[in-house]
Amino acid sequence: MKIAVTGKGGVGKTTFAAILARLYAEENRPVLAADVDPDANLGLALGFPEEELASITPISKMKDFVNERTGVDPSGIMKFFKLTPKVDDIPDLFAKSCNGVKLLVLGTVDVAGAGCVCPEHVILKRLISHLVIMDDDVVIMDMEAGLEHLGRGTAENMDQFVVVVEPGARSVQTYNKIKTLATDLGIKRVRVVANKVRNAEDEEYIRSRIPAGDLLGFVHYSAEVIDADRQGKSPYDYDGKAVEEIRAIKKKLEKE
């Protein structure tokens with residue numbers, strides 16, 4: 001399974017991605033969780049110690065390594081660099097393990113200038129493409145709301161593209177924007193998980209705005225998840241109800 005999880009900030013996509021990764025690890029599956037969000041807090045949600053996370057440098061910030069792999073001229077005289085750098089050994093070189101999940105922090109690159117082609121952006125796109133074709137591992141990517149690092153071929157090869165939303169107009173608007181971007185990349189179906197759902201009214205709000213065929217399920221509001229976040233712990237170890245709701249969503253994903 002190759003799953004990309006996205007959504008606007010604060011909706012709980014990292015919580016969902018982390019619990020999903022832990023559930024696959026629970027089955028003794030090889031799991032690689034890739035953090036492609038600029039906030040880069042997937043590690044805490046997976047249960048990594050803060051001290052270990054503090055020692056991790058995102059791939060996009062490893063300037064010397066990126067320059068070496070892309071063949072950047074240190075003098076700056078030559079402006080050419082490789083568009084197909086070697087990346088297949090990066091997971092083994094830099095991934096850290098905890099609770100049965102390998103974490104790879106990719107980081108991100110400011111691509112505000114349309115069509116940015118810089119060594120960091122090239123190596124991230126190439127690395128994400130490699131992760132998608134890895135044969136053995138379950139790969140779960142915690143993405144930002146933008147899809148800048150997904151090329152058309154990469155996106156088409158994803159098994160599932162999941163947008164996490166909460167019951168609110170801004171979150172649903174973000175879903176609509178992501179769906180448009182995904183369609184442009186050739187992704188035929190974008191699925192939705194509704195998080196922080198408090199009651200039947202919230203469920204009805206989501207159902208009225210998300211096509212029934214795209215809605216994977218609900219994860220209800222949880223004080224335990226908030227407590228886990230405050231303590232820098234994995235929500236998987238704090239909230240059995242949320243874990244079971246995401247387990248049901250996982251089964252639905254696998255059936256399709």
Side-chain angles (χ1 to χ4, degrees), residues 1 3-27 33 37 39 41-42 44-47 138 140-147 158-183 187-256:
M1 291 287 286
I3 304 168
V5 182
T6 186
K8 83 176 189 68
V11 296
K13 65 183 178 61
T14 296
T15 295
F16 174 77
I19 292 178
L20 188 62
R22 294 281 306 267
L23 285 170
Y24 276 110
E26 182 185 278
E27 299 173 350
D37 192 310
D39 289 336
N41 52 24
L42 180 58
L44 279 178
L46 288 168
V138 173
I140 297 172
M141 298 185 192
D142 184 12
M143 312 287 294
E144 56 183 327
L147 307 181
M158 297 297 299
D159 292 309
Q160 294 287 349
F161 204 90
V162 179
V163 183
V164 178
V165 304
E166 60 186 2
R170 285 175 295 177
S171 184
V172 173
Q173 183 182 49
T174 299
Y175 151 71
N176 287 323
K177 290 178 180 177
I178 292 171
K179 188 168 185 177
T180 299
L181 291 170
T183 300
I187 301 169
K188 296 179 175 62
R189 199 167 191 185
V190 177
R191 314 309 303 281
V192 177
V193 169
N195 191 38
K196 300 183 182 179
V197 176
R198 299 165 300 178
N199 48 41
E201 286 77 15
D202 281 354
E203 292 185 14
E204 181 54 34
Y205 179 88
I206 293 295
R207 288 194 179 98
S208 69
R209 285 160 175 78
I210 304 297
D214 290 346
L215 184 58
L216 287 169
F218 300 104
V219 181
H220 289 82
Y221 179 86
S222 168
E224 286 81 3
V225 167
I226 294 173
D227 288 342
D229 184 36
R230 285 174 179 164
Q231 297 181 50
K233 304 297 184 182
S234 174
Y236 177 92
D237 299 316
Y238 273 66
D239 189 350
K241 182 180 178 183
V243 169
E244 291 310 309
E245 288 175 333
I246 294 174
R247 191 190 304 275
I249 290 168
K250 171 180 170 290
K251 289 179 180 177
K252 193 169 182 180
L253 282 172
E254 291 170 343
K255 283 181 181 179
E256 299 181 2

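Counting begins at 1 with the first residue of the sequence.
Under a 3.5 Å cut-off, the side chain of Arg207 and the backbone N or O of Asp202 do not form any donor-acceptor pair. Using modelled atom types, one side-chain atom of Glu245 and one backbone atom of His220 make a donor-acceptor pair closer than 3.5 Å. When atom types are taken as modelled, the side chain of Thr174 and the backbone of Arg170 share a donor-acceptor pair closer than 3.5 angstrom. The backbone N or O of Gly213 lies less than 3.5 Å from a partner atom in the side chain of Arg189, making a donor-acceptor pair.
Here the closest heavy-atom approach between residue Asn195 and residue Gly12 is recorded as ND2-CA, 3.5 Å. Heavy-atom minimum distance, Phe161 versus Ile187: CD1-CD1, 3.6 Å. Across Lys196 and Glu166, no two heavy atoms sit closer than the pair CD-OE1, 3.4 Å. When every heavy atom of Ala45 is checked against every heavy atom of Ser234, the shortest pair comes out as O-OG, 2.8 Å. Minimum interatomic distance between Ala242 and Val225 (heavy atoms only, all atoms of both residues): CB-CG2, 4.4 Å. The minimum heavy-atom distance between Leu46 and Ala21, with the atom names listed, is CD2-CB, 3.9 Å.
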| request: I would like to know whether Leu42 and Thr14 meet side chain to side chain contact (heavy atoms under 4.5 Å, CB included); could you show each step before the answer? | output: CA-CA 6 Å; Leu42 180 58; Thr14 296; 3.9 Å; yes
| message | Before you tell me yes or no, could you show the steps for Val162 and Phe16 under side chain to side chain contact (heavy atoms under 4.5 Å, CB included), namely the whole-Å CA-CA distance, both residues' side-chain angles and the distance that decides it to 0.1 Å? | response | CA-CA 10 Å; Val162 179; Phe16 174 77; 4.1 Å; yes
| field | CA sep, side-chain torsions, deciding dist, call: Tyr205, Val197, side chain to side chain contact (heavy atoms under 4.5 Å, CB included) | value | CA-CA 10 Å; Tyr205 179 88; Val197 176; over 6 Å; no
| request: Would you please test Tyr175 and Arg209 for side chain to side chain contact (heavy atoms under 4.5 Å, CB included) and show each step? | output: CA-CA 10 Å; Tyr175 151 71; Arg209 285 160 175 78; over 6 Å; no
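Atom CG of residue Leu253 and atom CZ of residue Arg191 lie 7.0 Å apart, to the nearest 0.5 angstrom. A distance of 6.5 Å separates OG1 in Thr15 from CG in Asp229, rounded to the nearest 0.5 Å. Atom OG1 of residue Thr183 and atom NZ of residue Lys179 lie 7.0 Å apart, to the nearest 0.5 angstrom. In this structure, the separation between NZ on Lys252 and CD on Gln160 is 11.0 Å, given to the nearest 0.5 Å. A distance of 5.0 Å separates CE in Met141 from CE in Met158, rounded to the nearest 0.5 Å.
No side-chain heavy atom of Val165 sits less than 4.5 Å from a side-chain heavy atom of Val11.
We find that Glu27 and Lys250 are joined by a salt bridge, their nearest charged nitrogen and carboxylate oxygen being less than 4.0 Å apart.
Pairs passing the salt bridge (Lys or Arg N to Asp or Glu O under 4.0 Å) check and including a residue from residues 14-23, sequence neighbours excluded, read Arg22-Asp237.
Ile249 pairs with exactly one of Leu20, Leu216, Ile19, Leu23 by the side-chain contact (heavy atoms from CB on, under 4.5 Å) rule, that one being Leu216.
Surrounding CZ of Arg247 are more than 12 heavy atoms belonging to other residues, nucleotides or ligands, all under 6.0 Å away. Counted within 6.0 Å of NZ on Lys233, heavy atoms from surrounding residues, nucleotides or ligands total 12 or fewer; the atom is thus considered open.
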